[in-house]
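In what follows, a structure is listed as structure tokens, so that the remarks can point back to it.
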Amino acid sequence: MSLVRWNPARDLSALPSDVLSMRKEFDRLFDSFFHGDTTDTTSAFTSAWIPAVDIAERENDFVVKMELPGVAKEDVRITMQEDILTIRGEKKQEKESKGSEFHRIERSFGSFQRSFTLPASVKAGDIDASFSDGVLHVTLPKAEEARPKQIDVKVK
Amino acid sequence: MMARLESLSAYAPLDIEENNEGVVVVAEVPGVKKEDVKVSLEHGVLSIGGERKPQAPAGDARGLVREHRLGKFQRTVRLPYEVDAAAVSAELSDGLLRIVLPKAEAAKPKEIVIR
């Protein structure tokens, strides 16, 4: 057996092409991320942020709160289909001024969509939504049949 | 592929943008009240601290999903040059904290005329 000098470049070239193209894609993402090029809508980063929610149940309604800092209310759509609540929208990046340079970008932009199945039926016509401090509040009143009922039982 | 859950009030993600006039720092602090945020500047380091307090509905409400992070957050940013501390302004609206830090005269680029 003879000794062969290890050539790291040869090992790289032996990689299957899909691994290399994945590496290229990562390089591209890395590049666009650090150079603030968020106009590329094909990038995995732009369409992949999930706004956090809190959902609480009260006696007569549900309250869904979603963190949407900097999102305009015109850019949010709320729909209710059967028992599924869907909130979708887009967080747009403010127009950057000319001649400016980003030192750091940690915020995410782009479209989002989340759906939730509520544990009881709600009155779709009475759903109320409002924004406060960058948090979307959606109040969904329970349908009559879903409300807790108090029945007086007469004891004879 | 790279979906990540964003509950960032405990962390407050921020963007830092520089132009000829100065630096603009924008931090996301959804659900945080103005009186619960403190911004300070000391020795070229900008500090953003605050607390996200629980909001209504509380009490009889039963939490089904809890992803929002409550509590204190703290971020510090070292500024790349001297700023005019007296002219720094901060504004909180729609869950965004926007801090504008104009460059000090000494830090602005100057053109030197060749005689």
Side-chain angles (χ1 to χ4, degrees), chain A residues 22 25-26 29 33 36 38 43-73 91 93-94 96-109 112 114 116-120 131-137 139, chain B residues 1-37 52-70 75 77-81 92-98 109:
Chain A
M22 197 170 97
E25 172 70 7
F26 267 103
L29 278 173
F33 188 68
T38 48
S43 157
F45 273 109
T46 55
S47 60
W49 70 286
I50 304 169
V53 295
D54 269 10
I55 303 178
E57 180 178 6
R58 294 190 293 197
E59 195 178 334
N60 294 320
D61 57 15
F62 294 99
V63 180
V64 177
K65 292 191 286 179
M66 183 178 265
E67 291 180 348
L68 297 172
V71 177
K73 68 174 196 232
K91 179 157 67 164
Q93 191 166 23
E94 303 100 272
E96 53 189 275
S97 43
K98 228 181 167 189
S100 71
E101 175 193 357
F102 278 93
H103 287 270
R104 195 180 297 182
I105 298 179
E106 295 172 352
R107 301 170 57 204
S108 303
F109 299 94
F112 63 89
R114 290 196 77 175
F116 310 95
T117 308
L118 297 168
F131 258 115
S132 127
D133 301 322
V135 179
L136 174 72
H137 294 246
T139 309
Chain B
M1 176 171 108
M2 293 186 185
R4 54 195 175 112
L5 184 67
E6 304 242 327
S7 181
L8 298 151
S9 63
Y11 165 61
L14 48 85
D15 287 356
I16 305 172
E17 187 183 350
E18 180 187 348
N19 55 34
N20 288 337
E21 300 304 311
V23 165
V24 180
V25 176
V26 179
E28 293 188 345
V29 289
V32 177
K33 300 279 174 209
K34 194 174 99 181
E35 54 272 24
D36 296 325
V37 183
R52 180 169 180 192
K53 294 176 177 163
Q55 282 183 331
D60 70 326
R62 188 166 67 94
L64 302 176
V65 178
R66 277 181 203 274
E67 294 173 352
H68 293 187
R69 283 208 248 160
L70 301 175
R75 296 294 313 263
V77 173
R78 180 166 288 280
L79 298 167
Y81 45 73
L92 179 67
S93 75
D94 300 328
L96 293 184
L97 176 65
R98 188 180 186 84

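In what follows, every chain begins at residue 1, and chains take the letters A, B, ... in the order their sequences are listed. The shown structure was predicted, so the numbers you read here are calculated from the model rather than taken from an experiment.
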Partner of P69(A) under side-chain contact (heavy atoms from CB on, under 4.5 Å), chosen from V29(B), D94(B), L96(B), V26(B)
L96(B)

Could you tell me if the side chain of L64(B) sits less than 4.5 Å from the side chain of F62(A), heavy atoms only?
yes

So, using side-chain hydrogen bond (donor to acceptor under 3.5 Å, both in side chains) as the criterion, who are the partners of K34(B) when residues are at least two apart?
none

Kindly say whether E67(B) contributes a backbone atom to a donor-acceptor pair with the side chain of D54(A) at under 3.5 angstrom?
yes

Of the non-hydrogen atoms in R75(B) and R104(A), which two are nearest, and what is the gap between them?
NH2-NH1, 3.3 Å

To the nearest 0.5 Å, how far apart are CD in E67(A) and CZ in R69(B)?
9.0 Å

Nearest-0.5 Å distance that lies between atom CD in E18(B) and atom CD in E101(A):
5.5 Å

CG of L79(B) to NE2 of H103(A): how many Å apart, nearest 0.5 Å?
9.5 Å

Using atom types as modelled and distance alone, determine if a side-chain donor or acceptor of D15(B) lies under 3.5 Å from a backbone N or O of E106(A).
yes

Side chain to side chain contact (heavy atoms under 4.5 Å, CB included) with D36(B): which residues, sequence neighbours excluded?
V32(B), K33(B), K53(B)

Closest non-hydrogen atom pair, S100(A) against N19(B):
CB-CB, 3.9 Å

